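In what follows, a single structure is set out as structure tokens and then discussed.
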Amino acid sequence: MKRISLDKAVPGQVLAEKLTRPDGVLLANQGAEVTEGLLRMLARQNIDTILIEEADGRSAEEVMADYENFLAGLEARFIRVKGQAVLMALKKTMIFLAEKDRDETLALLAPPDDPPPAESPAGSPARG
Amino acid sequence: MSAPVIQDRVQAKKEVRRIKNLPTVPGIVAKISRMVENPETSAAEVGRLISQDQVLSAKVLRMANSAFFGMSRKISSISQALVILGFDVVKGLVLTSSVFDMIQKSMAGLWEHSIGCAAASGAVATILGREDAEEILVAGLLHDLGKVVLALNLPEEMEIVQKKVASGPILFYEAENELLDYNHCDLGQWLAEHWNLPESLAEPMRFHHRPEKAVLKPECSAIVHLADIIIRAKGFGNAGDILVPPISMAAWEILSLRKTDFLPILEILEPKLANLCDLTSIK
């Protein structure tokens with residue numbers, strides 16, 4: 001995800017955060033698609049920046065490499081606490097979220113009609 | 001070792017007393033300056049931004065709790081302090097804080113760790129439904145202030161601790177305990193005393209590695225302890241070593257959390273961290 005100023009936002013992007021007014025009134029839900037109407041409304045509400053989901057310029061291979069690096073870093077950081085079940089649960093949850101993020105990023109790279117990315121660890125055939 | 005290391009706690013405490021100002025983040029300082037110049041900016045907005053800066057938060061709270069203001073009770077949160085001090089005082093604090101740019105540059109990793117820990121503290125407090133979430137967030141922000149003292153005022157000691165950490169999988173805190181007669185928790189505690197910070201903030205500074213020792217608000221120290229672990233697990237920022245420290249099971253039990261609570265905590269934290277990355281690069 002990436003934070004961008006509202007004037008850089010374009011229709012078709014996906015909101016990565018829930019937007020509310022200071023008084024708590026909901027403006028847009030996380031996961032909502034950015035439309036011209038939404039952008040006008042947010043401008044009226046003095047929203048300066050929004051967080052969007054992004055295909056961040058990485059190729060599928062790079063996404064997979066980043067994921068493998070993440071796993072390696074995680075192993076190194078958790079090396080002293082392998083015997084603590086609570087922290088192993090934290091690690092497992094982080095891996096779950098990283099896999100989700102990896103698959104969502106790969107899906108953004110794929111054409112709309114493609115099937116979701118395969119679970120194989122080597123990565124599905126990539127569009128570079 | 002050959003370095004003239006201060007191993008005496010009394011001497012270290014004297015070093016802490018010499019501290020008048022600590023570094024802060026120029027980006028956030030500049031943003032606060034712009035915010036307070038806008039008459040439409042609300043106290044809540046300024047409060048939220050200041051709460052993300054450890055040194056500025058400490059300064060505002062130190063002033064709010066100084067004898068000059070004659071408050072009958074300690075003020076623990078920025079929003080509470082802003083109401084009492086007003087924008088003008090805050091602006092003065094912002095300007096005086098802005099002369100430490102160069103030092104701040106060398107503290108970038110610790111700043112990320114601190115603000116990340118604050119965000120994680122806030123996320124845990126939110127999941128627990130705590131009404132004092134803002135105070136806990138500030139406690140998370142300040143928890144490693146002792147490391148700032150070590151880096152700036154005791155550079156030789158900092159260096160030998162860093163060398164030890166580089167030699168193997170050892171926590172910064174463990175290296176301090178092995179090499180010095182005090183650690184960053186002691187330094188933080190002494191600084192908190194010197195600045196007259198409320199015990200609710202001083203306690204997590206002192207006990208975030210031993211939350212089971214906290215007396216006044218054990219759950220706050222426990223939250224900061226857990227938040228420190230979570231943000232280290234994320235690899236966000238630099239706390240002096242790369243390791244996830246062991247969790248205090250006493251702290252885990254105090255919080256009555258379940259392992260399945262990590263998912264909503266991390267889901268709250270992720271977008272917050274994306275926002276923090278943005279804040280650190282404001283020019």
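Proteins come first, then strands; the chains are lettered A, B, ... in the order of their sequence lines, and each starts at number 1. Please read all numbers here as calculations on a predicted model, not as lab measurements.
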_Name the residue from B:Val244, B:Ile229, B:Leu243 that meets the side-chain contact (heavy atoms from CB on, under 4.5 Å) definition with A:Val81._
B:Val244
*Measuring heavy-atom distances to chain B, does A:Phe70 have an atom under 4.5 Å in its side chain, in its backbone, in both, or in neither?*
neither
*So how far is it from A:Lys100 NZ to B:Glu267 CD, rounded to the nearest 0.5 Å?*
5.5 Å
*Considering all heavy atoms of both residues, which atom of A:Ala89 and which atom of B:Phe262 are nearest to each other, and what is their separation?*
C-CD1, 4.2 Å
*Looking at CG of B:Leu226 and CG of A:Leu87, how far apart are the two atoms once the value is rounded to the nearest 0.5 Å?*
8.5 Å
*Side chain, backbone, both or neither: which part of A:Ile79 has an atom under 4.5 Å from a heavy atom of chain B?*
side chain
*asked:* Any heavy-atom pair between the side chains of B:Thr260 and A:Thr93 that's under 4.5 Å?
replied: no
*Once you round to the nearest 0.5 Å, how far does CZ of A:Phe78 lie from CD1 of B:Ile242?*
11.0 Å
_Under 3.5 Å: donor-acceptor pair, side chain of A:Gln84, backbone of B:Ile247_ = yes
*Relative to chain B, which segment of A:Ala85 carries a heavy atom at a distance below 4.5 Å: side chain, backbone, both, or neither?*
both
*Quick one: are A:Asp101 and B:Glu270 in side-chain contact, heavy atoms under 4.5 Å?*
no
*Do A:Arg80 and B:Glu174 come within less than 4.5 Å of each other through their side chains, counting heavy atoms only?*
yes
*asked:* Within the structure provided, determine whether A:Met94 and B:Lys234 are in side-chain contact (heavy-atom separation under 4.5 Å).
replied: yes
